[in-house]
Amino acid sequence: MPSISDEDVSLDIKISEPTVPKERAPVHIMERKELRDNLPDFDIQPDPMGNTHIRDLSQVDLDHLRSLTLIELTALFDNNNILWSRRKTKKKLKDHGLFGVPLETLLENDKQIDSKCNIPLVFLDIILFLEKHCLDIEGILRVPGSTSRVKLLRQEIEEKFYQGTFSWVDVMPNDAAALLKQFLRELPSPLLTPQYIEAFAQVENIPDRQLQLQALNLLIILLPDVNRNTLWVPSFLLQQMRHKNELEQHRKAREKHKMKFLGKKDKHDRSELYKKPILHEGDFVDGVIRVQAPHLTKSCVAIRLDPGVRAGDIVNRFRKTTNLNREHLSAGKKSGRGKIVVDPSNVQFAQDNTHLFEVGGNIGERCLDHNTHMLTVYKVNPNAEWIIKGRGQP
Amino acid sequence: MISHKSERTVTCTIVGDGMVGKSQICKTFIGDLTIEDYEATVTNEHSVLTQFMGDRYTLRIVDSSGQHDYKDIRTLSYKKSEVFILCFNLSDRDSFESIETFWIPEIRKLCKKTPVILVATGKDIQDNDENNNVSKEEYLSVMDKYGIDAYVECSSYNKEEVNEVFEDVLLSVIKSKKKRLSNIFHHLLAR
């Protein structure tokens, strides 16, 4: 297990103090100050490796990442002498209906309706409704709705939601808000999970604002997928994961060697996901990567990585530069021999949601931000395969 | 509708000096007709679904680097190629001369029997200096000398003329396959 020294750990969230020019009125500065006390004003610094969104990573990588995050968090809390315990809750679990059902179960049910959803549909519906019609109502979450109406509403939504017949037309805003509150209250486990809810509360005891943010960031990575939406993954943890994977590969390679030596067959070779490191394939020139696009017409491009090349530039090479000129495609009168026909609908170019993915090497799979500096990533993971595809595409 | 009896993949590699319009031939073929600034290619691969004489073919076109120094990457695809498209520019004598001095030796070193199609690009442009232009007699004599299967004159931006190039590609693949079959046949009969 490699150790992380302090210089390895670079903070990803850097709080940039807003610099206020002197010419501005003092009142303005006061306002800024007040604002800053409530909510820290921070920017996410661009990372040459590309900022990593949690949805950019594959499931396997996430599992690895979680355990690392826990270690990091524990260390952070220990450094600040904060103790936290895991709360234990035991509640009866329902597996049907809407209220009082674990989020995971709800999502599983919803996946049968819409396989792409990542938030329970009821919750999404209530939120959408509130967002659309109720934002201008004062005290929306404070003023309770009428108890009897909420009760009726709740019965109705339990019965009709999955039949698709529930209508939001006559729902009062405060009743909807009450419904949302009931939904959250009756979840068998708190949204921030019983394991970490105590830790969330302890974050405020960390003296440094920046560390506080970092702790929150770590905590949110630890949450199960359903409980978490989209967040940034700190890159030093990724680095650590890559390192671990590499060590693992080396170990496996060594073991294989030993096995070969002993004349035994390595039976449990399940390292399909992580390929053996290819150390300088002879036919490849250093600094030239081969980007593959199995779904597109332009199926493979070799690119020399200059210092300025970003992931977005590479994706652009697979884009269409103009509208297809259909007349030209079908034109042709010359007779006397077979004509070649290219069907324009078969010609595929990169779309807006197409990204460059870093696959294999010392990572499972990661979707690269368009701003990612390719050379930096290449140096960290020279044995990766580079694949162009849309999010969620196999 | 034409019935599709079979579908097969044909791999061809485009070679030739830099700046003769190799990448533009590919772009025109898939219908992307834009004039862009020149950028040196390292390697691009396209796979295009086409119909030819009632059959479906997947054409895998490897657009290689014209710069002589990317030799390792370029020759990687040579072995898999069934046809070579050898390009030169009609208004650039240097690109014509390196066919004899560089490209044919490189191809024949690795692939002795693969058919080669000679493509003269830049049909629409003429260099002001008469000495720079390549005449028809000159490249026909090169064709005879090295046993080149077909030649096409085209402009890289003209869809019809570019299509002709790829028709020749498929024709020569079909032909060379037949030839191989009949060779085996003769061989068996001669015994």
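Worth saying up front: this structure is predicted, and the values here are computed from it rather than measured. Every chain is numbered from 1, with letters handed out A, B, ... down the list of sequences.
Distance check: R317(A) CZ to T41(B) OG1 gives 8.0 Å after rounding to the nearest 0.5 Å.
Neither the backbone nor the side chain of I61(B) has a heavy atom closer than 4.5 Å to any heavy atom of chain A.
In this structure, T297(A) and F29(B) have side chains that are not in contact, with every pair of non-hydrogen atoms separated by 4.5 Å or more.
Environment of CG in D306(A): crowded, with over 12 heavy atoms of neighbouring residues, nucleotides or ligands closer than 6.0 Å.
When all heavy atoms of R304(A) and V42(B) are compared, the closest pair comes out as N-CG2, 4.0 Å.
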